[in-house]
Amino acid sequence: MQARAIVVTSGKGGVGKTTTTANIGAALAMEGEKVAVIDVDVGLRNLDVVMGLEGRVVFDLIDVLEGRCKMRQALIRDKRVENLYLLPASQTKDKASLDPKIFRAVVKHLIEDENFDRVLIDSPAGIERGFQTAAAPAEGALVVVNPEVSSVRDADRIIGLLEAGGVEENRLIVNRIRPKMVRRGDMLSVEDIGEILGLGLIGIVPEDEGILVSTNVGEPVVLRKEKTPAGEEFRNIARRIRGEKVPFPNLDEEGGFWGSLRRLFGGGR
């Protein structure tokens, strides 16, 4: 991907956006990029917890936007991997505190003045003001979808809003896929989801209990010594973002017939 400011988004909550942001951000930093991950889910701050950095938060995104601190005071450097930084959200403000124009200037400052190679923006779920602010500075998007009808339907609407807003380099991550369920025809296949949404695929992350463990201990799975299927795929997604041709995992999908769903979503775009 050529985009340097990338929003990580979805149509609904609970699909794994924050975990995806933390792990891809860490994986990109492990590949040598200088990366900032920004939590825009004001009032429901979680990215700092997933990354294990909650104890180091002093200032937050709203403090920066409202001029109470400088950018470098709010940025938290992750000591486990070089060149990875977190800009946390506020737990005490609401999304009305976000100004898209000022946030766009913040991201521009990170890229142009602080020399960040990549800025990943963890968007709140839904299509309200929080999403609009998160997407405002984005040049590209990672749309995270679970293989279930409601997640895909909501993502379809998000993709339309991204394209209408001029965010053009958009890629699909299918998260929490279960190959056995796909083979039985009980879960949407990656192929079905891609056809419905009409987005280029950049990641297929399997259901993995290692994610739960890593979240509970506050350490992105890509940083843990124990290799897990999800961790390997997050590393591969980072490599694909950087332009490497990395094969997708072979899930041996034989899928069910989902023509009615394709008609429901208009057959993709």
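The analysis underlying the following values was restricted to heavy atoms, covering all of them including side chains, and did not include hydrogens, waters or symmetry mates. Worth saying up front: this structure is predicted, and the values here are computed from it rather than measured.
Without hydrogens or angle criteria, Asp117 side chain to Val35 main chain gives no donor-acceptor distance under 3.5 Å. With Asp48 contributing its side chain and Pro88 its backbone, the two residues share no donor-acceptor pair below 3.5 Å. Using modelled atom types, one side-chain atom of Asn23 and one backbone atom of Thr19 make a donor-acceptor pair closer than 3.5 Å. In this structure, the side chain of Lys108 does not engage the main chain of Asp113 through any donor-acceptor pair within 3.5 Å. Panel note: side chain Arg235, backbone Ala230; no donor-acceptor pair is recorded below 3.5 Å.
Atom CD of Gln2 sits in a sparse spot, with 12 or fewer heavy atoms from other residues, nucleotides or ligands closer than 6.0 Å. The local environment of CD in Glu168 is sparse, with at most 12 non-hydrogen atoms from other residues, nucleotides or ligands closer than 6.0 Å. Crowding of Glu226 atom CD: a count of heavy atoms from other residues, nucleotides or ligands under 6.0 Å exceeding 12. The 12-atom threshold is not exceeded at CD of Glu82, counting heavy atoms of other residues, nucleotides or ligands nearer than 6.0 Å. Within 6.0 Å of CZ in Arg72 there are 12 or fewer heavy atoms belonging to other residues, nucleotides or ligands. Sparse packing is recorded around CZ of Arg178, with 12 or fewer heavy atoms of other residues, nucleotides or ligands lying under 6.0 Å away.
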Exercise for the section: Show the numbers, then the answer: is there a salt bridge (charged side-chain N to carboxylate O under 4.0 Å, His left out) between Glu114 and Lys34? Expected result: CA-CA 10 Å; Glu114 300 293 339; Lys34 185 178 181 182; 5.0 Å; no
Practice task
Quick one: do Thr18 and Asn46 satisfy side-chain hydrogen bond (donor to acceptor under 3.5 Å, both in side chains)? Show the steps, please.
Solution key: CA-CA 7 Å; Thr18 298; Asn46 281 313; 5.7 Å; no
Practice task
I would like to know whether Leu201 and Phe248 meet side-chain contact (heavy atoms from CB on, under 4.5 Å); could you show each step before the answer?
Solution key: CA-CA 9 Å; Leu201 183 69; Phe248 291 103; 3.9 Å; yes
Exercise for the section: Kindly determine whether Met1 and Arg171 satisfy side-chain contact (heavy atoms from CB on, under 4.5 Å), including the steps that lead there. Expected result: CA-CA 9 Å; Met1 294 179 69; Arg171 299 291 183 269; 3.9 Å; yes
Problem - side-chain contact (heavy atoms from CB on, under 4.5 Å) between Arg176 and Val205, intermediate numbers included - result: CA-CA 6 Å; Arg176 297 174 183 158; Val205 183; over 6 Å; no
Exercise for the section: Decide yes or no on side-chain contact (heavy atoms from CB on, under 4.5 Å) for Val144 and Thr9, but give the supporting numbers first. Expected result: CA-CA 6 Å; Val144 183; Thr9 187; over 6 Å; no
Problem - Pair Glu233-Arg240, salt bridge (charged side-chain N to carboxylate O under 4.0 Å, His left out): steps then yes or no - result: CA-CA 10 Å; Glu233 181 59 3; Arg240 294 184 194 112; 2.8 Å; yes
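The minimum heavy-atom distance linking Val221 with Gly210 is given by the pair CG2-O, 4.3 Å. Across all non-hydrogen atoms, the minimal contact from Gly140 to Ala3 is N-CB, 3.6 Å. Looking at every heavy atom in both residues, Val64 comes nearest to Cys69 through CG2-SG, 3.8 Å. Considering every non-hydrogen atom in both Arg45 and Val57, the closest pair reads NH1-CG1, 3.7 Å. Glu112 and Asn115 get closest at one heavy-atom pair: O-OD1, 4.0 Å. Here the closest non-hydrogen pair linking Asp60 and Ser90 is OD2-CB, 3.4 Å.
Applying the side-chain contact (heavy atoms from CB on, under 4.5 Å) test between Ile24 and each of Val8, Ile173, Ile6 identifies Ile173 as the sole match. Checked against Val145 for a side-chain contact (heavy atoms from CB on, under 4.5 Å), the options Asp154, Val152, Val15 give a single hit: Val152.
Remark: Arg118 does not engage Glu31 in a salt bridge, criterion side-chain N to carboxylate O under 4.0 Å. Electrostatic pairing of Asp99 and Lys101 does not count as a salt bridge here, judged by no charged N lying under 4.0 Å from a carboxylate O.
How far CG of Asn175 is from CG of Leu172: 10.5 Å, rounded to the nearest 0.5 Å. Note that CZ of Phe234 is 9.0 Å distant from CG of Asp208, once rounded to the nearest 0.5 Å. Rounding to the nearest 0.5 Å places OG1 of Thr20 at 8.5 Å from CG of Leu142. Taken to the nearest 0.5 Å, the CD1 atom of Ile177 stands 9.0 Å off from the CG atom of Asn146. Distance check, rounded to the nearest 0.5 Å: CG of Leu223 to CG of Asp78 gives 6.5 Å. Going from atom CG of Leu87 over to atom CG of Asp122 covers 11.5 Å, rounded to the nearest 0.5 Å.
Residues Met51 and Val37 form a side-chain contact, since some pair of their non-hydrogen atoms from C-beta on lies under 4.5 Å apart. In this structure the side chain of Pro179 never reaches within 4.5 angstrom of the side chain of Val182, judged on heavy atoms. Proximity of Arg56 to Lys79: side-chain heavy atoms (C-beta onward) are separated by under 4.5 Å at one or more points. Residues Pro124 and Lys17 are not in side-chain contact: their nearest non-hydrogen atoms beyond the backbone lie 4.5 Å or more apart. Side chains of Glu33 and Asn83 form no contact here, defined as non-hydrogen atoms less than 4.5 Å apart.
Linking Ile, Leu, Val, Met, Phe, Trp and Tyr whenever their side-chain heavy atoms come within less than 4.5 Å puts Ile121 and Leu161 in one cluster. At a threshold of 4.5 Å between side-chain heavy atoms, the hydrophobic network of Ile, Leu, Val, Met, Phe, Trp and Tyr places Val107 and Ile76 in two separate groups. At a threshold of 4.5 Å between side-chain heavy atoms, the hydrophobic network of Ile, Leu, Val, Met, Phe, Trp and Tyr places Phe59 and Val42 in two separate groups. In terms of hydrophobic clustering, with Ile, Leu, Val, Met, Phe, Trp and Tyr side chains grouped at heavy-atom distances under 4.5 Å, Val190 and Val143 are assigned to a common cluster. Residues Phe131 and Ile62 fall within the same hydrophobic cluster, defined by Ile, Leu, Val, Met, Phe, Trp and Tyr side chains chained together at heavy-atom separations under 4.5 Å.
Side-chain N/O atoms of Glu148 and Ser150 include a donor and acceptor closer than 3.5 Å.
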